[in-house]
Amino acid sequence: MFCWGMKRRIPRIVCFRLFLSSSFTKKYCKMAVDKKPFGRLPKSVKPVLYDLFLKPDLQKFTFEGKETISINILESTNKIILHALDLKIEEVELKDSDGFISKPSVTLSAEDETVTLGFDKELQIGEAFLKFIFVGELNDKMKGFYRSKYVSPSGEEKYSAVTQFEATDARRCFPCWDEPAIKAEFNILLSVPQNKTALSNMPVVSDTTEENGDRLLKFQKTPIMSTYLVAVVVGDFDYVEDKDSDGVLVRVYTPIGKSEQGKFALEVAKCALPYYKDYFQVAYPLPKMDLIAIADFSSGAMENWGLVTYRESCLLVDPDNTSAVRKQWIALVVGHELAHQWFGNLVTMEWWTHLWLNEGYASFVEFLCVEHLFPEYDIWTQFVTDTYIRALELDALNSSHPIEIPVGHPSEIDEIFDDISYNKGASVIRMLHNFIGDEDFRKGMNLYLNKHQYSNTFTEDLWAALEESSNKPVKDVMSTWTLQKGFPVITVEKETQNPDGSRVISVSQTKFTANGQVDGDGILWMVPLTFSTSRNPGIVCHKEIMSEIQKDIIIPANAISPGEWVKVNPSTVGYYRTRYTPELLNNFVPSISSRTLPPLDRLGLLDDLFALVQAGLSSTDEVLNLMLAMTDEDNYSVWSSMSNVLGKLAILLSNVEGDTEQLFKQYNRILLKKISSKLGWTPQPNESHLETMLRGLVMARLVSSADPDVMSEAKIKFANHLSGKETIVADLRSPIYKACLSSGDETTFNQLLQLYRGTDLHEEKDRICRAMGASKNKDILKKVLDFAMSDEVRSQDTVFVIISVGGSKVGRDLAWQFIQDNWSKLFNQYQGGFLLTRLVKNTTENFSSIEKAEEVENFFKQNGCVGAERTIQQACETIRLNAAWLKRDYEKLQSFLQKVVQK
């Protein structure tokens, strides 16, 4: 799954059919204090084959279901327990191997999300057939079997029926053993209206007409697979198709009339499948691959085997209206989901504790794929800013968690779909890939996939395969990174030149914490250390593994000359921070200014220093001074890292009164002057993909800094765009919309609303939604918040409109108060899911006072939601860190800015 942030859920009370009541909300919105011990399903019965019939009604928003499950009874038992939720079970019967039919008692537990079938006598070991007849609701919660609203080309409001089962929502569609290790085969049979497209994991093998005129579609039997990968879609779609070089049929399904927008994803998919086949040396095992754009979809995409579902904005490319950033994002999302067809679908983690085996690996491999398909993206440099740094930021918090963390109840499972499972997972795999080398890594992947195909694995199975292929201590090294929370900071304490010309580098490791405090638990990592020198800054000159607290490392004389600097962690591959003395750090400044130091090392040094600043181990003026040496910088990824620093500082300073915020905006403009003059407003013929993205990033930074010239030009371009005189290029729309609304009035807000209502491209709607919070007018911001909850905004997008309001100084308190005032409604809409916790995190963590941290904590003690405890802890921890940062550095920061601006 490619998360649009991440995802979550909450259990609900059912009788036979489940309805949410106000009393339930009060009960289950509280923080969980005493959790009932969680148990997985008994192993006495195992499913072998599901014959599943579904008939969705797109007018009544219900569905009928029938299934016959071929089971093996492995132990004598008088009960069968499996999963079911939100279903009215009308009939159940069991036929044993002798043909005897029994009718069990049926007991549903909403808390456990199970159905227990009780039998009068012991069921004997052997084959049996379990039959269910049931009905359910096509819900509007974007989970289970749900309805997705869209508007036809004629303007008619219509609905599709869509499934989203990961992690534990197949049980909302049909009774099943809804655990990843309990795999089975599936025969899917769908009854749908004659004019509808109907898709599932496998190709159609028969399409007949029923007596009532509906179509009855039978799909080819699936391979053995987990329930969360079963998929069904029914609705109105166009498609484009092609075959990959191995003859696999690839289709991209789009809304009616938008098939052209599926061509880019089609090209990516038909090239990605053979790439993965070559990389893994394992063929894609299904005869077709469908990718489909869904109007209402909570995450970014979902890797259902053979039928991958996407948000429209994560799949469709409009050549005239899609930005370069979005196009690149789509390539990564497609690469991510297709990697899952092997890593996750063919071989599946045994339990959600090992979720990172799915997500961390796919998040790494997507970059391998995009690098192969689009080398001009320089995607591995972007990996550090988009993936690696995000992981380190979260993992430095005390409220982080290990990559592998025991989970049980669905509410716990959903909470680990986060930057640790995805981004830290990908980052430690990148470090491992570098440690053992690409050739041995590929061999290990082949061993792993061939040995465990169509079955389930633990993390140790991956380490075993990679150890076998590389003859290196993979398990010993990597277990310290997956079983322990956090990461180390490697401190370069001193350097000594030996008489023979070699250099001794004295280094130590301690756990890095966001508050800068030394962790007293004595945790150590096995750290693959690498070094480079100024002679060849892009080449690793020395490698060692460090497992002790302190170590003296000798760089051989043939690798270094007197006067050369030594850099730890070249290319920023190791998952750790590096701390230098001020004197050693200053040695790098000339190479940073001249850009002779590679981009990955320039941004790595900057980000490490900024992390030390936030932790109170360096002063904020040090990182601002370093960036003054980077005014000639022209690399997109380095500027992304600089923008991250500037953005976090801007948020911090927006919490205080006085002129410091304005001084900081002037500092921004000084920093950006050269690069903005070089790029200008107008895309040049044959400019690179990265130059296009850099222009958008720079203009966005200048808008946030209220640069007068940029603001003036933005208004002109917006007026011309509205009048049809000139269309704003896609990469500049977001900063221009924000510029105009930040200094505009209600007329400007209404103009943006008009643009929102006039487009059917989800990407453009998303851009406008996220720009609306830029207004500095409280009355307008209140209208934006009301708009967020209106029928005009899809449920999947509501949270991002509210987040946009919470991103500004003026809107922060408004957004937080709005959430408190509408908590019951918001909670009932998202039911504790990922979108809600993302909303809470992004609208609270930018405060910077102890009082606010306590206010947020107290609110959720009274009104919190199951499954969001860690997210709320992380937000409150961040607020306290912000408060300490301001108190520690504010005066020195103000003094520094005054000196720089007054020059």
Side-chain angles (χ1 to χ4, degrees), residues 1 3-12 20-22 24-32 86 139-144 146 164 166-169 172 296-300 302 311 394 399 409-419 421 766 769-770 773 785 787-790 793-807 812 814-847 855-876 878:
M1 180 184 291
C3 284
W4 196 255
M6 303 304 123
K7 97 192 234 306
R8 273 155 217 132
R9 181 186 307 82
I10 167 173
R12 295 178 291 169
L20 197 64
S21 68
S22 59
F24 164 81
T25 303
K26 290 177 182 177
K27 180 178 179 181
Y28 280 93
C29 283
K30 304 287 185 183
M31 288 269 194
D86 291 2
N139 68 70
D140 61 353
K141 309 301 181 186
M142 295 180 286
K143 60 179 67 174
Y146 71 93
Q164 169 56 41
E166 191 179 28
T168 57
D169 287 324
R172 297 177 188 268
D296 291 307
F297 200 73
S298 61
S299 58
M302 175 59 208
R311 273 194 183 212
L394 177 58
S399 47
H409 194 276
S411 63
E412 298 172 37
I413 296 167
D414 286 346
E415 197 167 15
I416 63 169
F417 280 80
D418 64 2
D419 282 339
S421 295
D766 184 59
C769 279
R770 293 171 190 247
L785 291 169
F787 169 73
M789 300 289 283
S790 71
V793 178
R794 290 183 181 275
S795 179
Q796 65 183 14
D797 299 322
T798 292
V799 296
F800 299 108
V801 184
I802 301 172
I803 287 170
S804 78
V805 174
R812 198 164 297 138
L814 287 176
W816 171 230
Q817 188 60 54
F818 184 83
I819 290 170
Q820 294 175 82
D821 293 343
N822 293 274
W823 182 247
S824 178
K825 185 175 181 181
L826 287 164
F827 184 85
N828 287 341
Q829 176 60 46
Y830 299 108
Q831 298 180 0
F834 123 79
L835 288 171
L836 189 65
T837 50
R838 186 59 42 179
L839 173 66
V840 170
K841 174 180 168 61
N842 284 278
T843 52
T844 58
E845 67 179 1
N846 292 330
F847 289 116
E855 180 184 318
V856 172
E857 282 176 337
N858 289 333
F859 177 80
F860 286 109
K861 282 178 182 176
Q862 298 298 317
N863 304 281
C865 59
V866 172
E869 293 95 335
R870 183 176 287 112
T871 301
I872 294 161
Q873 290 168 8
Q874 290 165 356
C876 292
T878 302

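Values below: all heavy atoms of this structure, side chains included; hydrogens, waters and symmetry mates excluded. Residue numbers start at 1 and run along the sequence shown. These numbers were taken from a predicted model, which means no experiment stands behind them.
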A.B. asks: Which value, rounded to the nearest 0.5 Å, describes the distance between F800 atom CZ and N842 atom CG?
C.D. replies: 8.0 Å
A.B. asks: What are the two closest non-hydrogen atoms of A815 and V805, and how far apart are they?
C.D. replies: CB-CG1, 4.2 Å
A.B. asks: Once you round to the nearest 0.5 Å, how far does CD of E166 lie from OG of S299?
C.D. replies: 8.0 Å
A.B. asks: Does R311 count as lying over the ring of F297, i.e. NZ or CZ under 6.0 Å from the six-ring centre, within 45 degrees of the axis?
C.D. replies: no
A.B. asks: What are the two closest non-hydrogen atoms of C769 and S804, and how far apart are they?
C.D. replies: O-OG, 3.5 Å
A.B. asks: Can you sort out the partners of R812 under side-chain hydrogen bond (donor to acceptor under 3.5 Å, both in side chains), two or more places apart, ordered by chain and number?
C.D. replies: S654, N655
A.B. asks: Tell me the closest heavy-atom pair linking V840 and F860, and the distance in Å.
C.D. replies: CG1-CZ, 3.5 Å
A.B. asks: What pair of heavy atoms forms the shortest contact from N828 to K141, and how long is it?
C.D. replies: O-NZ, 3.2 Å
A.B. asks: Which heavy atom in T843 sits nearest to a heavy atom in I802, and how many Å separate them?
C.D. replies: CG2-O, 4.1 Å
A.B. asks: Can we say D169 and R172 salt-bridge, meaning some charged N sits less than 4.0 Å from an Asp/Glu carboxylate O?
C.D. replies: yes
A.B. asks: In the structure I gave you, are the side-chain heavy atoms of R770 and I803 within less than 4.5 Å of one another anywhere?
C.D. replies: no
A.B. asks: Of all residues at least two apart in sequence or in a different chain, which pass the side-chain contact (heavy atoms from CB on, under 4.5 Å) check with S795?
C.D. replies: M142, Q829, Y830
A.B. asks: With sequence neighbours excluded, what pairs up with Q820 under the side-chain contact (heavy atoms from CB on, under 4.5 Å) test?
C.D. replies: W816, Q817, E855, F859
A.B. asks: Going by the rule salt bridge (charged side-chain N to carboxylate O under 4.0 Å, His left out), which residues pair with D821 if we only count those two or more places apart in sequence or in a different chain?
C.D. replies: none
A.B. asks: Going from OG on S399 to CZ on R870, what distance comes out if it is rounded to the nearest 0.5 angstrom?
C.D. replies: 8.0 Å
A.B. asks: Atom CD1 in I872, atom NZ in K861: separation rounded to 0.5 Å?
C.D. replies: 11.5 Å
A.B. asks: Using the test side-chain hydrogen bond (donor to acceptor under 3.5 Å, both in side chains), find all partners of T798 that sit at least two apart in sequence or belong to another chain.
C.D. replies: none
A.B. asks: Mind checking side-chain hydrogen bond (donor to acceptor under 3.5 Å, both in side chains) for E845 and listing every partner two or more places apart, or none if nothing turns up?
C.D. replies: K841
A.B. asks: Under 3.5 Å, side chain of D797 to main-chain N/O of V801, donor-acceptor pair present?
C.D. replies: no
A.B. asks: Ignoring hydrogens, what is the shortest heavy-atom contact between W823 and N863? Give both atom names and the distance.
C.D. replies: NE1-O, 2.5 Å
A.B. asks: Considering the options L836, L785, V799, L839, which one meets the side-chain contact (heavy atoms from CB on, under 4.5 Å) requirement together with I819?
C.D. replies: L839
